[in-house]
Colleague: 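Below: one structure in structure tokens.
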Amino acid sequence: MLTNCQINNFKLNRQIGSGAYGLVFHAVDVITENEYAIKAVVKNPAAGATPEIKRSTMLQTQLYYYFKSFQNRLFLPSIDLDSIRGLSEEQLERAPHFREIAMQLRVHAHPNVVTVHQVLESPLATFLVMDYYSRDLFTSIVDDQHFAGSGQLVKKVFLQLCSVLQHCHARGVYHCDIKPENILLDAEDNALLCDFGLSTLAERLPANACVGSSYYMAPERISCPSSVQAAGAADDAGAASAPALFPTMAGDVWSLGVILINLTCIRNPWLKAHQLEDNTFGYFVRDPHVLFKILPVSQQLFDILMDILRLNPAERAPLSEIMDRVADCTSFTTSGPLSKVEPLSQYERQQFLITQKGLSIRQMLHHFHTDDESYKHVSPEEDETEFTSEDECYRQLSSVDTTPTGSVDVDQTSRAKRSNDAVLPSEFKVRYLTTNMSTITNYSSHSRWLPQY
Ligand SMILES: Nc1ncnc2c1ncn2[C@@H]1O[C@H](COP(=O)(O)OP(=O)(O)OP(=O)(O)O)[C@@H](O)[C@H]1O
């Protein structure tokens, strides 16, 4: 158990999540008292892990001894976010622990992606400092029944998810692990996408690639029959011998379909989209109308779902069309508060989607086509500042000290090296040294949420 641990100015309070590749902690900035979530991403996931010992358990133990050896106080250098965002595929192969962060940064201008503030480097793990959200979509749907009474709320969150996925796909980033646990909610019920740990730039994935979480995984990822694979291969490459590849984007769309069922029916339709291993899915493949028997879906919702949950990934509806149909839907369920819902006006729809993330100086400069060189003289503190208006940005810009601060705070970086032996890849710019564990909560269990029929 990590207690009284601090990394730079971030005091780690408790562990709030653990997954295959990392641990997430709630932290507070001791100076500003702002709350953050800090994800520790394992640098060498294979080291020491055995089938019996989970990687996250390994990391917990390693982190415990690491902190202990520095009297629970780490001073870590922060890596320039643009340097990570710009890493090539080849560089990411050499430093795989940066892949998740690079993917998130590529799409992170969208208001429905969790904001990354800093990336802190240590020999053991990379620490991702993000905005903290106290609720996720899973607990909100299941424990709080937050969506059970409001069709507008269902629409808001669902449209935001479609919008953020459109943004990711347009930038060539495919999330591949869309599930309620990876969607956080702010106080105004805006959805924030996190955990880009399985995301990829690959436009197509081989059949049965098995990427994602079973409840939400598309059938071509887990149960693609060899006849379909052969047909796919023939379509793709004109050669039946080539492995079948399926559009990665369509896998994210399938997961969204399952989330729409979660939001409206508070159920999962099946354990996994595998015809032989899951009876319900087997029935669904033979006759999709089985959904009427196992879920309280209205005819309208059924029709929408039929266009999302298509077995052939190439036939799944585009996100823009799904958004229109969900916005216009007047009934999600056969009974209860969601049996009658108001169609969204154009204004309401825009309201749900326009919450713009504050722009940094760099983004503003791009926006105004200003010479990017001037950015190099902006101090990190200035760059982290978010602006909500162009005027505010210019006011701040005119007061910026234009003395180059340089990319490296040598004094502080060398201190970090001395104290923690942090070795940074040479291609990264260490911009400045900032100053950053916990009760373990057993995180969400799906056992309470099995299909009921
Ligand atoms: N910014 C955040 N604010 C609050 N909680 C967060 C934040 N980021 C992650 N979490 C919580 O920590 C959990 C684990 O985070 P994340 O999914 O990023 O890690 P992971 O190692 O990839 O986990 P998994 O293997 O289960 O997908 C999330 O499900 C979420 O509940």
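Start at 1 with the first residue, then count along the sequence. Values below: all heavy atoms of this structure, side chains included; hydrogens, waters and symmetry mates excluded. Order of appearance sets the numbers: ligands from 1, and atoms from 1 within every ligand.
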Colleague: At less than 4.0 angstrom from any non-hydrogen atom of D177, what atoms of ligand 1 do you find?
Modeller: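 Selected atoms, number and element: 27 (O).
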Colleague: Under 4.0 Å from any heavy atom of Y132, which atoms of ligand 1 are there?
Modeller: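 By the 4.0 Å cutoff, the relevant atoms are 3 (N), 4 (C).
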Colleague: Which ligand 1 atoms are under 4.0 Å away from a heavy-atom of G17?
Modeller: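 Counting from 1, the qualifying ligand atoms are 12 (O), 13 (C).
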Colleague: Can you name the atoms of ligand 1, numbered from 1 with element, that are less than 4.0 Å from a heavy atom of Y133?
Modeller: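 By the 4.0 Å cutoff, the relevant atoms are 3 (N), 4 (C), 5 (N).
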Colleague: Within a radius of less than 6.0 Å around OH of Y64, do more than 12 heavy atoms belonging to other residues, nucleotides or ligands occur?
Modeller: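 Atom OH in Y64 is not crowded, with 12 or fewer foreign heavy atoms closer than 6.0 Å.
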Colleague: Could you list which atoms of ligand 1 come closer than 4.0 Å to a heavy atom of I16?
Modeller: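 By the 4.0 Å cutoff, the relevant atoms are 4 (C), 5 (N).
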Colleague: Using heavy atoms and a threshold below 4.0 Å, how should the contact between L23 and ligand 1 be classified: side chain, backbone, both, or neither?
Modeller: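 It is neither; nothing of L23 touches ligand 1.
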Colleague: Should the proximity of D131 to ligand 1, defined as any heavy atom under 4.0 Å, be assigned to the side chain, the backbone, both, or neither?
Modeller: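 The answer is the backbone.
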Colleague: Using atom types as modelled and distance alone, determine if a side-chain donor or acceptor of T126 lies under 3.5 Å from a backbone N or O of V41.
Modeller: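 Not at all, since once roles are kept as given, no pair shorter than 3.5 Å links the two residues.
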Colleague: Does K179 pair with D195 as a salt bridge, N-O distance under 4.0 Å?
Modeller: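 So K179 does not pair with D195 through a salt bridge.
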Colleague: With ring centroids as reference points, do H175 and F196 lie under 6.0 angstrom apart?
Modeller: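 Ring-ring flag for H175/F196: true, centres closer than 6.0 Å.
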Colleague: Which class fits the ring pair W254 and F284: parallel under 30°, tilted 30 to 60°, perpendicular over 60°?
Modeller: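 Perpendicular: the ring planes of W254 and F284 meet at over 60°.
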Colleague: Going by the atom numbers of ligand 1, which of them fall below 4.0 Å from some non-hydrogen atom of A37?
Modeller: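 Close to A37: 1 (N), 2 (C), 3 (N), 7 (C).
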Colleague: Does G22 come within less than 4.0 Å of ligand 1, judged by its heavy atoms?
Modeller: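 A heavy atom of G22 does come that close to ligand 1.
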Colleague: Is the number of heavy atoms from other residues, nucleotides or ligands within 6.0 Å of OH (Y283) greater than 12?
Modeller: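 No - once you tally the heavy atoms of other residues, nucleotides and ligands closer than 6.0 Å, there are 12 at most.
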Colleague: Among K39, E181, M130, E100, which one has a heavy atom closest to atom 19 (O) of ligand 1?
Modeller: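 Looking at heavy atoms only, the winner is K39.
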Colleague: Relative to the heavy atoms of D136, which atoms of ligand 1 are at a distance of less than 4.0 Å?
Modeller: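 The list of qualifying atoms is 31 (O).
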Colleague: Using a 4.0 Å cutoff against the non-hydrogen atoms of N182, which atoms of ligand 1 qualify?
Modeller: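 Those of ligand 1 that fall under 4.0 Å from N182 are 17 (O).
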Colleague: For atom CD of E315, is the number of surrounding heavy atoms from other residues, nucleotides or ligands below 6.0 Å larger than 12?
Modeller: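 It does: E315 CD has more than 12 such atoms within range.
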Colleague: Examine the proximity of ligand 1 to V24 and report which part, side chain or backbone, both or neither, has a heavy atom under 4.0 Å away.
Modeller: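 Side chain only.
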Colleague: Other residues, nucleotides and ligands only: do more than 12 of their heavy atoms fall within 6.0 Å of CD on Q152?
Modeller: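 Yes - once you tally the heavy atoms of other residues, nucleotides and ligands closer than 6.0 Å, there are more than 12.
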